[in-house]
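To start, the structure under review is shown below, and the notes come after it.
The model shown is predicted, which means the values in this text are computed figures rather than measured ones. We name chains A, B, ... by the order of the sequence lines, and we start the count at 1 in each one.
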There are 2 protein chains.
Amino acid sequence: MNLKQLSHMLSLSQTTVSRALNGYPEVSEETRRRVMDAAKRHGYRPNPSARRLATGKSGMIGYVLPTGASVDIDPHFVEFLSGLGDYARSHELDLVLSPADADDEETTYRRIVANRQVDAVYISSPRPADRRLALVNTLGIPFIVHGRSEGLDFDYPYLDIDNEGAFHEAARLLLQLGHKRLALINGNERETFAIHRERGVRRALAASGMTLGERHIRSVTMTEENGYRAARRLLEEAEPPTAIVCSSLIMALGVVRAVRDLGLTIPGDLSLVAHDDVFPWLRPENFPVPLSTTRSSIRLAGARVAERLAARISGLEEGARGEVWPVDLVVRGSVAGAPG
Amino acid sequence: MNLKQLSHMLSLSQTTVSRALNGYPEVSEETRRRVMDAAKRHGYRPNPSARRLATGKSGMIGYVLPTGASVDIDPHFVEFLSGLGDYARSHELDLVLSPADADDEETTYRRIVANRQVDAVYISSPRPADRRLALVNTLGIPFIVHGRSEGLDFDYPYLDIDNEGAFHEAARLLLQLGHKRLALINGNERETFAIHRERGVRRALAASGMTLGERHIRSVTMTEENGYRAARRLLEEAEPPTAIVCSSLIMALGVVRAVRDLGLTIPGDLSLVAHDDVFPWLRPENFPVPLSTTRSSIRLAGARVAERLAARISGLEEGARGEVWPVDLVVRGSVAGAPG
DNA sequence: CAATTTAGCCAAAGCGCTTTGGAATACTCT
DNA sequence: AGAGTATTCCAAAGCGCTTTGGCTAAATTG
């Protein structure tokens, strides 16, 4: 059933039927009713390919997926996707993942924009002065960044959590508990979120007249193994930290293992706070010692990003609005006063 | 730059240019060369929307993503995606995720097929007599199943691992080590992979004249917490198992925690084998006691599925070929002879 | 050498929608 | 009543490809 048949069946022109269906005003309410009715009854659905060719709109949002033999997709991605999909579903928006060589995402961005394959894109894990942002910004496709960049000479729309604030609070708590030697096990130092987290910790330390030594900060990709290694190195130093702030639950698993291997205890010898993106399959309250966390649902972020993308596509949202979500600090058993 | 302009510029018809570009034989080699050349020089790229409308081919593969507030996307998905993307990239294939209400995926399948949004789809986590397979099979869109169904009255193309064989081997090993009381902590019992795994364990037990009691098998969604709970229940029984086979590394984390909480040790009091899908961020060799696993890279499976989908799209692969990959049994420190 | 093929190219007709630029009818106003 | 203004609808022109059905000139055949 296509438009031609439908309009013929109604003895109307394609124009009128099309307009009736798309809510244009130049069609009488009665005709619209008739058309809508017939469309529903015959299950008419406009062919998206045709509509797309005519309008240039695809009804899809895009994401450029960096791939490569040595490139691992962040496990957080799937949770973000859950939220995104949750919203997108209710709006019949599809998501297209365009795999790209991790060393050359630009070509892919250009392609999907030139081809008008998607109406908007979202970008995640931005870095300082991220070139992708500059690119999509000049290409003129609607977009939203999940996270933030820095040092760009233009504004852009984003959704981020208050990473600096969160880690500032975490560090401040530990300092108030009397800890003098803090360490930070962070994510990839080239990503903005990690920079912000470090900044938060430093700011808290500075407020107490302390600093974060080079050796007390580790930036690694967030795997259990890296968490373990980082923790071991830190704890085997001459003056080991009595508190660690850690950028992910997965790394925290490794930290806990390291602590055990060294015959130490949490929170007796070490206080631990980690960031929790809220995975359904790994929860901080179920750690051997319930883990204190800075918590922010990445899933909700996904839903919100989808919502804003939809708004931008339909012109309801404009400009470079940045949105920063506060982060909860949830205190559980893994923190205590500094050891004697 | 569109076809019209390009052909005009070459003083050729659109027909000829189109044919030259798409490798049709009714154009002379010289002309083809000229056309190819000019196309490259001017960076001509056929508009996919137009091509799509004309041919009905989209150059994308589809996946229906079940969503809902209480629906969690399997974290394995992201690894599978890595592999898929890795292959798809080299073929300029995009992947479109169509979010669907988890209670009604059928509507979405029908939509993407009717709209010809994608050239092929893949289906994951099949269940026995999975209605999705029957649906796509009758809808006539090329597809591949990652996993297997059962009890369907038709054949279909799939890629699966030998879950039954893997768990059979794991159980057999434990039996040979003298274990008399085995337990299985499995995934969702309604998914075929879980059924196969159970079957494997049962078969091994049967070969030794034993059976798997109702209380020695737990089927749960694969979270750390569920692994913990299942293990606790099992281990707190009157005659606790001395060996556990577990369907995922994430659940194994919970098992390890439960064992500790109960003051037991691995492998002294309990031998443990788990299935490993090979995550970059959680490795069995890094468990407190290195974990024995049945191992199969889900990422490689993703790449293979993409490869076969591409082949089916281009007509290189036909029929209902099923492909079953063997699974490695990797023995590490977590298994030992049954306790006295 | 006339009769056929064949190779190489083209005009035009889709694909199924949206949108422009009227046209016709009905309604309002003086 | 006639001019002006809404209202409601339509024919046709795109959007940019692919593909069908020729057509012409060169090559092959008997």
Short N-O contact, B/Arg304 and B/Glu323, less than 4.0 angstrom: yes
B/Arg148/B/Asp160 salt bridge by N-O under 4.0 Å criterion: yes
Contact under 4.0 Å: A/Thr55 side-chain N or O vs C/dT18 OP1/OP2: no
B/Thr16 side-chain N/O to C/dC10 phosphate OP1/OP2 under 4.0 Å: yes
Length of the line joining B/Arg52:CZ and D/dT18:P, which is rounded to integer Å: 14 Å
Distance test, side-chain N/O of A/Asn22 to OP1/OP2 of C/dT18, below 4.0 Å: yes
Pair B/Phe143 and B/Tyr109, ring centroids less than 6.0 Å apart: no
Salt bridge present between B/Asp94 and A/Arg111 (N-O < 4.0 angstrom): yes
Contact under 4.0 Å: A/Thr15 side-chain N or O vs D/dC9 OP1/OP2: no
Neighbours of DNA chain C within residues 29-46 of chain B, by heavy-atom distance under 4.0 Å: B/Thr31
Parallel, tilted or perpendicular, as decided by the 30° and 60° cut-offs, for the rings of B/Phe80 and B/His146: parallel
Separation of D/dC17 P from B/Leu53 CG (nearest whole Å): 12 Å
B/Arg51 CZ to D/dC15 P, straight-line distance once rounded to whole Å: 19 Å
Residue A/Asn47, side-chain atoms from C-beta onward, closest of C/dG16, D/dC10, D/dG16: C/dG16
Length of the line joining B/Leu10:CG and C/dG8:P, which is rounded to integer Å: 17 Å
Separation of C/dC10 C1' from B/His8 NE2 (nearest whole Å): 14 Å
Whole-Å distance separating the CZ atom of B/Arg19 from the P atom of D/dG22: 14 Å
Under-4.0 Å side-chain N/O to phosphate OP1/OP2 contact, B/Tyr24 with D/dT19: yes
Side-chain N or O of A/Ser49 closer than 4.0 Å to phosphate OP1/OP2 of C/dG16: no
Lys/Arg N to Asp/Glu carboxylate O, A/Lys40 vs A/Asp37, below 4.0 Å: no
d(CG, A/Asn2; C1', C/dC15) in whole Å: 10 Å
Donor-acceptor side-chain pairing of A/Thr15 and A/Ser18 below 3.5 angstrom: no
Residue A/Glu26, side-chain atoms from C-beta onward, closest of D/dT8, D/dC10, C/dC17: D/dT8
